[in-house]
Number of protein chains: 2
Amino acid sequence: MSDNPHRPLTLRDVSAASGVSEMTVSRVLRNRGDVSEATRQKVLTAARDLGYVPNKIAGALASQRVNLVAVIIPSLSNMVFPEVLSGINDVFEDSPLQPVVGVTDYQPEKEERVLYEMLSWRPSGVIIAGLEHSEATRAMLAASGTPVVEIMDTDGKPVDSMVGISHRRAGAEMAKAIIKEGYEHIGFMGTKMPLDRRARKRFEGFTEALAKAGIEIEDRDFYSGGSALAKGREMTQAMLERSPDLDFLYYSNDLIGAGGLLWLIEQGVDIPGQIGLAGFNGVELLQGLPRQLATMDACRREVGEAAAKIILERTGEDSSGEARTITLTPTISFGDTLRRHRR
Amino acid sequence: MSDNPHRPLTLRDVSAASGVSEMTVSRVLRNRGDVSEATRQKVLTAARDLGYVPNKIAGALASQRVNLVAVIIPSLSNMVFPEVLSGINDVFEDSPLQPVVGVTDYQPEKEERVLYEMLSWRPSGVIIAGLEHSEATRAMLAASGTPVVEIMDTDGKPVDSMVGISHRRAGAEMAKAIIKEGYEHIGFMGTKMPLDRRARKRFEGFTEALAKAGIEIEDRDFYSGGSALAKGREMTQAMLERSPDLDFLYYSNDLIGAGGLLWLIEQGVDIPGQIGLAGFNGVELLQGLPRQLATMDACRREVGEAAAKIILERTGEDSSGEARTITLTPTISFGDTLRRHRR
DNA sequence: TTGAAAGCGCTAACAT
DNA sequence: ATGTTAGCGCTTTCAA
């Protein structure tokens, strides 16, 4: 109750227990330099017996090397980012690097705080979602002295490297496909998230491409909160009551699209004849619906992998590679809700 | 190209720029001790102008205090853990603590590695999923000298604190509800994951409760990989072809249950009259299906919140509170697939 | 192959 | 209210 009952073990303890200098113990534990097999075993045994866990805080301070990579994303509840993370994880799996995740809830101020907090641990790299950041955030990224990869979007100028798709172009491609299939009366549904810049870019690309074909969106609606599937249902019903002439519904994400799809099936609507549908993201989870929703893959896993690889290559011994830009190309999957031939 | 072109800033730089001692700069930046408003401003201005970001590695080493909490979970791709995380995040939101997430993919050896890695950063607390760990993992947890909360399960003996539900009991409760509603010919479908101990405990609780009523599971099947919704569909079809007399299907998770539900609806099966269905998890995402699947909430968010609160209270100035056990009680939601009255 | 000394950037503890 | 000194636990560098 008086003296430290549980002082954490240090190299010194292992050194004492094994009769080997701290320095040599350190070498053994890091597999650095030449150590005789005999002392090696002595040290390893002592460390194991004591249950010694090295202190990376001290190690990092002394060596000026940190194996942490900051990963900053807007959300986890959203199917998309976990998949990016899993791509990152896979690439770092057999490297010394370790991702540390921070979540911003799509709030620029929170992004700023989270980044500051993470930079204070002097990570070896930063992977951050999006290209739009506060002035201060951009300044911190630029001054961080560590490779930065902005992901998920390539419509803009990165601080350093970037990996993603063009959401403008994704929206435009979908618009072209819809037009090509002969649909003309188009409605749009999305989330009420002014801060989701990527969704907005998609929408802009979409409307611009329609405009070029002389088509305008005839109805639109935005939701926030609640279960996406249920919202998709409700919004679809409401929109079709309001605008019964629509022949195509473009949803900003697959989940609300699926809700709409389920409702339309129940109503006995002919899909994709009477009404066509498309979502966005290529959510694998939805394979197994009565019909496959048309969608466009956001290349989430590939984005994560590519970003992690960039950090890896710019962190290696040689290091200092150039800033890179990788633009992935999403492909449309037509599913059963976007017909392939004109009527 | 020769001299450090980008030496990270230190307190010393801020000290020099502001003409205030390092110690006082440190005090200002941490809001500790009395500092005159005048010097305070000088320091803050200098720090901001330089773009100084404190080095927490050095800070942590010097103060022997780390505001990191290790959170170790099996998976992110699975709807359930992100929700636990978000509960944890919320509680830590306005505290100095910061969660750091590690993923084990349900592999005990990976759990061991991840824990070791995280303990080497000397976190202020550990939140780890499950009660079953390797010998070495338990030893590390016990010796960590930091509060440990094992979450999601309370069927077993914790190293320190635990928060969760009894999966045995959850399985048993569902069995009782099914029996009470008059179903007698029961099939089970789940994931082929011997390492998901919680799913297994649910299954055991389920079969034991059935056995007490003299009922045995008449068919069972397990899947791995692929889209859960699609698998639920396929397995359900296969099982009913094999065992056409079944009148109830219990699924180990909501997603495969939803797949089964969709298929049965398409087949025009009378639900819950001819066949009843239930899943597990209370996945909010599924609100919006044509029918609401009966399920049982795993209290994911609450578990995360409670665990974070335990860490918080045991980390506070007073600290050292006792180990705690919190058993949450999941409730059945009957939805539209588990009838409320006997035929 | 092994060891000794110095110091990473910060904060605790003690002056003043 | 501010400054000084020592040292956190490790690694780097240099010496033996």
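Per chain, numbering begins at 1; letters A, B, ... match sequence-line order.
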Chain A vs DNA chain C, heavy-atom contacts under 4.0 Å, first-to-last nucleotide span, 5' to 3', is C/dT1 to C/dG9
OP1 or OP2 of D/dG9 less than 4.0 angstrom from a side-chain nitrogen or oxygen of A/Tyr52, does that happen here? no
Between OG1 on residue A/Thr154 and CZ on residue A/Arg198, distance to nearest 0.5 Å: 11.5 Å
Stepwise, does the side-chain contact (heavy atoms from CB on, under 4.5 Å) test hold for B/Asp153 with B/Arg197? CA-CA 9 Å; B/Asp153 187 5; B/Arg197 309 302 244 82; 5.6 Å; no
B/Ser63: which residues meet the side-chain contact (heavy atoms from CB on, under 4.5 Å) condition with it, sequence neighbours left out? B/Arg65
List in chain and number order the residues that pass side-chain contact (heavy atoms from CB on, under 4.5 Å) with A/Glu112, two or more places apart in sequence or in another chain; answer none if no residue qualifies. A/Ser134, A/Ala136, A/Thr137, A/Met140
Can you tell me how far C1' of D/dC8 sits from CD1 of A/Ile57, to the nearest Å? 10 Å
Grab the CD-C1' distance between B/Gln64 and D/dG9 for me, whole Å please. 8 Å
Any residue in residues 112-119 of chain A with a heavy atom nearer than 4.0 angstrom to DNA chain C? Just list them by number, or reply none. none
Enumerate donor-acceptor pairs with a distance under 3.5 Å from any side-chain N or O in residues 303-311 of chain A to protein atoms, sequence neighbours excluded.
none

pair B/Leu76-A/Glu83: side-chain heavy atoms closer than 4.5 Å: no
Applying salt bridge (Lys or Arg N to Asp or Glu O under 4.0 Å) as the test, list every pair that has at least one member in residues 126-141 of chain A; sequence neighbours left out. A/Glu132-A/Lys201
Filter on salt bridge (Lys or Arg N to Asp or Glu O under 4.0 Å), then keep only pairs touching residues 26-38 of chain A, sequence neighbours left out; what's left? A/Glu37-A/Arg40
Salt bridge (Lys or Arg N to Asp or Glu O under 4.0 Å) involving A/Asp49 - partner list, sequence neighbours excluded: none
Using salt bridge (Lys or Arg N to Asp or Glu O under 4.0 Å) as the criterion, list what pairs up with A/Asp160, not counting sequence neighbours. A/Arg314
Bend of the helix from C/dT1-D/dA16 to C/dT16-D/dA1 from end-axis comparison, five pairs per end, nearest 10°, comes to 30°
Which is it for A/Val149 and A/Arg324 under the side-chain contact (heavy atoms from CB on, under 4.5 Å) test, yes or no, and what are the steps along the way? CA-CA 9 Å; A/Val149 185; A/Arg324 303 227 281 139; over 6 Å; no
Quick one, which residues of residues 12-49 of chain A touch DNA chain D with a heavy atom under 4.0 Å? A/Met23, A/Ser26, A/Arg30
Grab the two heavy atoms, one from B/Pro123 and one from B/Thr146, that are nearest each other, plus how far apart they are. O-OG1, 3.3 Å
Which atom pairs, donor and acceptor, lie under 3.5 Å between side-chain atoms of residues 96-106 of chain A and protein residues at least two apart or in another chain?
from: A/Thr104; atom 1: OG1; to: A/Tyr106; atom 2: N; distance (Å): 3.2
from: A/Asp105; atom 1: OD2; to: A/Lys110; atom 2: NZ; distance (Å): 2.8

